[in-house]
2 protein chains.
Amino acid sequence: MGVMTTRAESAAATRRALLDAAAELLDLGGPEAVTLREVGARAGVSRGAPYRHFTGKDSLLTAVAAESWEGIGDQVHALRTDPALSASEKLRGALRALIDVGRNRPHLYQVLFRRRANLPGQLGDGMDRIRRQLCGPEGDPAVADRAAERFQDEFLDIVAALAGERNARRYGALLLTSAHGIAGMELSGHLDTDKWHTTADELVDTLVRMVTDAGEMT
Amino acid sequence: MGVMTTRAESAAATRRALLDAAAELLDLGGPEAVTLREVGARAGVSRGAPYRHFTGKDSLLTAVAAESWEGIGDQVHALRTDPALSASEKLRGALRALIDVGRNRPHLYQVLFRRRANLPGQLGDGMDRIRRQLCGPEGDPAVADRAAERFQDEFLDIVAALAGERNARRYGALLLTSAHGIAGMELSGHLDTDKWHTTADELVDTLVRMVTDAGEMT
DNA sequence: ATCATACAGTTGACAGTGTCATCTGAACCG
DNA sequence: CGGTTCAGATGACACTGTCAACTGTATGAT
């Protein structure tokens, strides 16, 4: 961490600071709290600086999501290649990793599962501005998609090692979507423990057991 | 539809028009597109009129969500009390009803599962304004919660008729959360059919079959 | 019938916000 | 050394949510 004089180093440092500030604000108060002005202030730069690194606010949030997906992907990769863990433990760990994001960083979790590439459905009047603001121009979403896909690939490999190539995809998709739903409803407060007499963790256990039983996994 | 002269009728009419306009804008461009000014314009009133019927923008969106939950609840109630349907058909229909909302009105679906009553976690600086804007002052969320809970009760009854009181809650929660996750990932574009070799509908089928098998339902 | 009141609706104003056009200065490179 | 590029700063604009003050009319009591 030498004194940074070169322009590239300085730019990279500010970009990093912008991403960190955005993530911090996101955790504090959700996407609405991620103000380009506040992001710039926390990064030590001023209002319009983020536009030198991202095309706009949505692009910044997408970049935060991309980095998070990469982190989650690394986490699941580490689980998958850990020889000390059983296949079942790897699966539970991977599901748990996703759910933990929802618990520890709920706002980020919602950004991770933001709608991408909404349909071109015609929307008249002044909606184009909002459409552009929502889905971003292009470029950044691609890396976020790749990162999210890498996570899914890692997860798929874990399921395949447990259920075989034949059923991996079907059961993997069911496990992943169900875990996402459990996390989402717990996060939104729609999973009332008193009403359902169960918890998110129990649901994950039931789900895994059910799938392993149905799929003749060992 | 007589000529409305009484103040109560007029107020009720504008409230209805406000809700309709908000729902329409929500479908068109998401919550960001629901502008109080545009809502007022489409309802034939002006900027600040909505504040006579709702405490703010979030309150308006919450009211839209409440009405939608009531509609979904009615729909599932109709399914549950339809003597021409088998228990299994009722279950599939209820799950399908929820997923169809996600397909036909994706933005509304996200509002339906908005976080309610976020934790009081301390958030310094100027975050209080955002906190208030996000979760609303109070009053309205209660009716939305009741409506959402009624839907869950209807759904629970359907599952109970199929799996018995003993397992209804555990399996009902799993079915509901999983269906929510399937809908959510399909909606956000994270459920790649090419990658997973399956579709949301197939996942629902697999899920229902798995639960019925595991629960010894008929 | 008269009049005070409540209250739906309007308007003006204000603080923020995302975004762009323009400007500035220093690192870069021939 | 001089021109160029580019990160960053600043001014400006349109738009937003929200509130205070205001207006007019239906309501209800007298």
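The sequence lines fix the lettering, A, B, ..., with proteins before strands; numbering per chain opens at 1. Everything numeric in this text was worked out from a predicted model, so none of it was measured.
Summarising the geometry, the separation between CZ on Phe54(A) and P on dC20(C) is reported as 16 Å, rounded to the nearest angstrom. Summarising the geometry, the separation between CD on Glu38(A) and C1' on dA15(C) is reported as 15 Å, rounded to the nearest angstrom. What separates NZ of Lys57(B) from P of dT18(D) is a distance of 8 Å, to the nearest Å. Rounded to whole Å, the distance from CD on Glu32(A) to C1' on dT16(D) is 11 Å. Whole-Å rounding puts the Arg16(B) CZ to dA8(C) C1' distance at 18 Å. One atom, CG of Leu25(B), and another, P of dT16(D), lie 11 Å apart when rounded to the nearest Å. Atom CG in Leu36(A) sits roughly 19 Å away from atom P in dC15(D) (whole-Å rounding). Spacing between atom NE2 of His53(A) and atom C1' of dC6(D) amounts to 10 Å, rounded to whole angstrom units.
In the interface, the side chain of Arg37(A) is paired with the base of dG18(C) through a donor and an acceptor atom under 3.5 Å apart.
If one axis is set at each end of the helix from dA1(C)-dT30(D) to dG30(C)-dC1(D) from five pairs, those axes are 10° apart, to 10°.
Taking the six-membered ring where the residue is Trp, Trp69(B) and His190(A) present tilted rings, their angle falling between 30° and 60°.
In this structure, the ring of Tyr109(B) has its center less than 6.0 angstrom from the ring center of His180(B).
Backbone-only engagement by Val34(A) is indicated by non-hydrogen atom pairs under 4.0 Å involving sugar-phosphate atoms exclusively. Residue-level contact check: Ala49(B) touches the bases, meaning some heavy atom is under 4.0 Å from a base atom.
With rounding to the nearest 0.5 angstrom, the CG atom of Leu36(A) is 10.0 Å from the CZ atom of Phe54(A). The CG atom of Asp74(B) sits 8.5 Å away from atom CD of Glu154(B), with the distance rounded to the nearest 0.5 Å. Rounded to the nearest 0.5 Å, atoms CG (Leu174(B)) and CG (Leu207(B)) are 6.0 Å apart. How far CZ of Arg42(A) is from CG of Leu25(A): 4.5 Å, rounded to the nearest 0.5 Å. Ser178(A) contributes atom OG, which lies 9.0 Å from atom CG of Leu175(B) (distance to the nearest 0.5 angstrom).
Proximity of a side-chain donor or acceptor of Lys57(B) to a complementary backbone N or O of Val34(B) within less than 3.5 Å is detected. A distance-only check finds a donor-acceptor pair linking the side chain of Thr199(B) to the backbone of Glu202(B) [under 3.5 Å].
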> Which parts of nucleotides 23-30 of chain C does protein reach within less than 4.0 Å, heavy atoms only, written one letter per nucleotide 5' to 3' as B for base, S for sugar-phosphate only and - for none?
Replying inline: ---BBS--

> What do the steps show when you test Glu70(A) against Arg146(A) for salt bridge (charged side-chain N to carboxylate O under 4.0 Å, His left out), and what is the final call?
Replying inline: CA-CA 9 Å; Glu70(A) 289 169 4; Arg146(A) 261 197 304 274; over 6 Å; no

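One finds a side-chain N or O of Thr14(B) lying less than 4.0 angstrom from the OP1 or OP2 phosphate oxygen of dG9(C). Phosphate proximity of dC15(D) to Thr35(B): absent, as no side-chain N or O sits under 4.0 Å from OP1 or OP2.
Between Arg47(A) and Ala11(A), the residue anchored nearer the 5' end of DNA chain D, judged by the nucleotide with its closest heavy atom, is Ala11(A).
Between dG8(D), dA9(D), dT18(D), one nucleotide has an atom nearer to the side chain of Tyr51(B) than all others, and that is dT18(D).
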